[in-house]
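This report concerns only the one structure given below.
Below, read A as the first sequence line, B as the second, and so on, with proteins coming before strands; counting in each chain starts at 1. Note that the coordinates shown come from a computational prediction; the quantities given were computed from them, not determined experimentally.
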Protein chains: 2
Amino acid sequence: MLKYQQVAAEIEQYINQHDLKQGNKLPVLEQLMSQYAVSKSTITKALELLERKGVIFQLRGSGIFVRRHNRPGYMSLFSTQGFKSNLGDRVLTSDVLDVSVTKPDVTVAQNLGIDVTDDVYRVERVRFVDGEVFCYEESYYVKAIVPYLNREIVADSIFDYVQGALGVTIGFSDMYMQVGRLTETEAGYLGLQTDDPTLRIETIFHLSNGKPFDYSRITYHYEHSQFVVQANGPYM
Amino acid sequence: MLKYQQVAAEIEQYINQHDLKQGNKLPVLEQLMSQYAVSKSTITKALELLERKGVIFQLRGSGIFVRRHNRPGYMSLFSTQGFKSNLGDRVLTSDVLDVSVTKPDVTVAQNLGIDVTDDVYRVERVRFVDGEVFCYEESYYVKAIVPYLNREIVADSIFDYVQGALGVTIGFSDMYMQVGRLTETEAGYLGLQTDDPTLRIETIFHLSNGKPFDYSRITYHYEHSQFVVQANGPYM
DNA sequence: TTGATTAATTGTACCGGTACAATTATAGTA
DNA sequence: TACTATAATTGTACCGGTACAATTAATCAA
């Protein structure tokens with residue numbers, strides 16, 4: 001783990017353990033520097049990371065302050081999307097409906113930037129948060145990048161496996177979201193009625209070299225899913 | 001405008017003007033350095049900004065590449081949320097239903113961190129993209145921070161006014177989203193049926209000093225709104 | 001006490017540099 | 001040709017430093 005990531009993690013841990021509230025002030029830069037025994041640019045980088053994550057905000061001439069949103073029950077949109085495994089104390093489980101190798105249809109192939117003759121893993125899951133139905137997910141993995149999957153891996157975290165055992169790094173993702181109505185099969189999986197409202201998110205995950213390796217379609221249970229997104233300022 | 005912001009803007013403009021595609025390679029760091037006549041750390045900062053914005057991705061040992069998503073018709077979730085006024089070539093218009101000074105109810109007051117006896121501006125709008133109904137919005141501004149609003153300002157961009165004329169800077173925002181069904185009045189504004197599906201987003205905008213100044217509730221037309229969010233890697 | 005002026009505090013912009021890890025290109029070998 | 005070892009390329013981590021703008025605290029005047 002990089003030094004600035006380590007420092008960021010420690011500061012975040014400190015904030016959580018001491019249950020600091022929105023607006024609470026952290027030690028000044030110079031003190032953090034000596035406290036963690038790193039240079040100014042390293043501590044700055046760590047703080048920038050935490051700022052992006054929505055954990056702190058910095059105010060020139062004033063100090064470094066804790067940032068918090070005050071709505072329990074809302075999950076970070078990104079934590080449910082592979083990134084930042086921070087689900088708090090909620091328990092995430094899965095019913096694995098399918099893990100198989102197939103050929104992609106044109107839509108899937110196009111989203112993954114591959115040919116319809118290339119192999120993909122198809123994974124189908126219903127996911128639960130604290131025992132409540134949360135979403136229905138259908139996802140496709142490029143087999144050339146993810147050569148092996150099984151029910152055990154899929155029941156846990158695919159991303160941890162991919163980054164751990166396969167040694168590839170996930171770079172970025174494009175999420176496409178829209179609201180619609182449930183189909184009959186989706187409604188069955190989610191325990192809802194056909195034509196009930198739903199949020200659909202399609203996501204294309206790319207490796208850090210830019211290659212797409214996972215295309216997934218998630219259909220959320222509209223009563224059991226509410227999200228928070230902490231955005232940072234007008235960039236320019 | 002800061003130097004690194006300026007450089008970032010120029011690079012982005014270059015990418016758009018030359019219509020570069022996903023994966024296209026930009027000049028190497030050292031060349032960009034001399035090309036824009038800035039130091040390494042400045043160009044790095046500019047590129048980091050573009051990376052966060054989803055315009056490029058960088059790959060160590062390899063180069064700097066253009067990043068693009070390939071779905072026209074999807075709007076950036078953040079561009080519709082005050083930040084990054086990049087709506088492409090779409091035209092955004094508004095029907096202003098109400099601009100008035102009132103007292104907030106408990107919910108509004110709590111979200112804005114003020115007292116129910118404090119004054120707020122209430123703004124109610126129906127917004128259109130290229131003439132199509134896009135969303136219904138009800139928002140509240142802390143009058144102590146935004147002392148004056150009128151229909152003309154509100155029909156245009158409130159945020160530009162606040163940052164321009166009032167000289168305050170917007171820092172960050174917390175967005176809370178969930179799916180539900182339309183009420184009768186909402187359906188009326190959006191030209192839909194009662195109980196039709198909808199995406200609701202509540203957002204609390206904070207100044208850069210951390211003070212909330214705007215709380216808004218937006219109800220989106222589910223057939224005319226689809227969003228893209230470009231996320232960046234597992235931070236740690 | 002109030003208000004304005006000045007000084008101290010504090011984060012950020014910008015500069016420059018070294019070391020290194022990941023990638024890609026090259027040379028060498030079978 | 002195909003594979004391996006080596007070298008060149010290239011972005012990132014990390015160090016340190018100066019100048020400055022925004023905020024806050026202290027000082028002074030009325």
Would you call B:R71-A:E202 a salt bridge at under 4.0 Å N-O? yes

Test side chain to side chain contact (heavy atoms under 4.5 Å, CB included) applied to A:V142 and A:L207, A:D118, A:I114, the passing residue: A:I114

Measure from NZ or CZ of B:R200 to the centre of the six-membered ring of B:Y220 and say whether it is under 6.0 Å with the direction within 45° of the ring axis. no

Base, sugar-phosphate, or nothing for A:L29, non-hydrogen atoms under 4.0 angstrom? base

Could you pick out which residue, B:T169 or A:A37, lies toward the 5' side of DNA chain D when each is mapped onto its nearest nucleotide? A:A37

Quick check, are the ring centers of A:F57 and B:F172 under 6.0 angstrom apart? yes

Distance col, row B:L149:CG vs B:R122:CZ, nearest 0.5 angstrom, shows 13.5 Å

Under a criterion of less than 4.0 angstrom to any heavy atom of chain A, what are the 5'-terminal and 3'-terminal contacting nucleotides of DNA chain C? C:dT9 to C:dA13

For atom CD of B:E152, decide whether the heavy atoms of other residues, nucleotides or ligands shown that lie under 6.0 angstrom number more than 12. no

Decide, yes or no, whether a salt bridge links B:R67 with B:E51 under the criterion of side-chain N to carboxylate O below 4.0 Å. no

Answer with yes or no after comparing the ring centroid distance for B:Y215 and B:F205 against a 6.0 Å cut-off, counting only values under it. no

Taking every non-hydrogen atom, the tightest pair across A:S139 and A:D214: CB-OD1, 3.8 Å

Residues of residues 38-45 of chain A with any non-hydrogen atom less than 4.0 angstrom from an atom of DNA chain D: list those, numerically ordered, please. A:V38, A:S39, A:K40, A:S41, A:T42, A:K45

Go nucleotide by nucleotide along DNA chain C from the 5' end; which of A:S208 and B:K3 gets its closest nucleotide reached first? B:K3

Counting only heavy atoms not in A:K143, do more than 12 fall under 6.0 Å of its NZ? yes

Which residues in residues 56-64 of chain A have a heavy atom closer than 4.0 Å to any atom of DNA chain C? A:Q58, A:L59, A:R60, A:G61, A:S62, A:G63, A:I64

Toward the 5' end of DNA chain D, which comes first, B:N209 or B:E30, by nearest nucleotide? B:E30

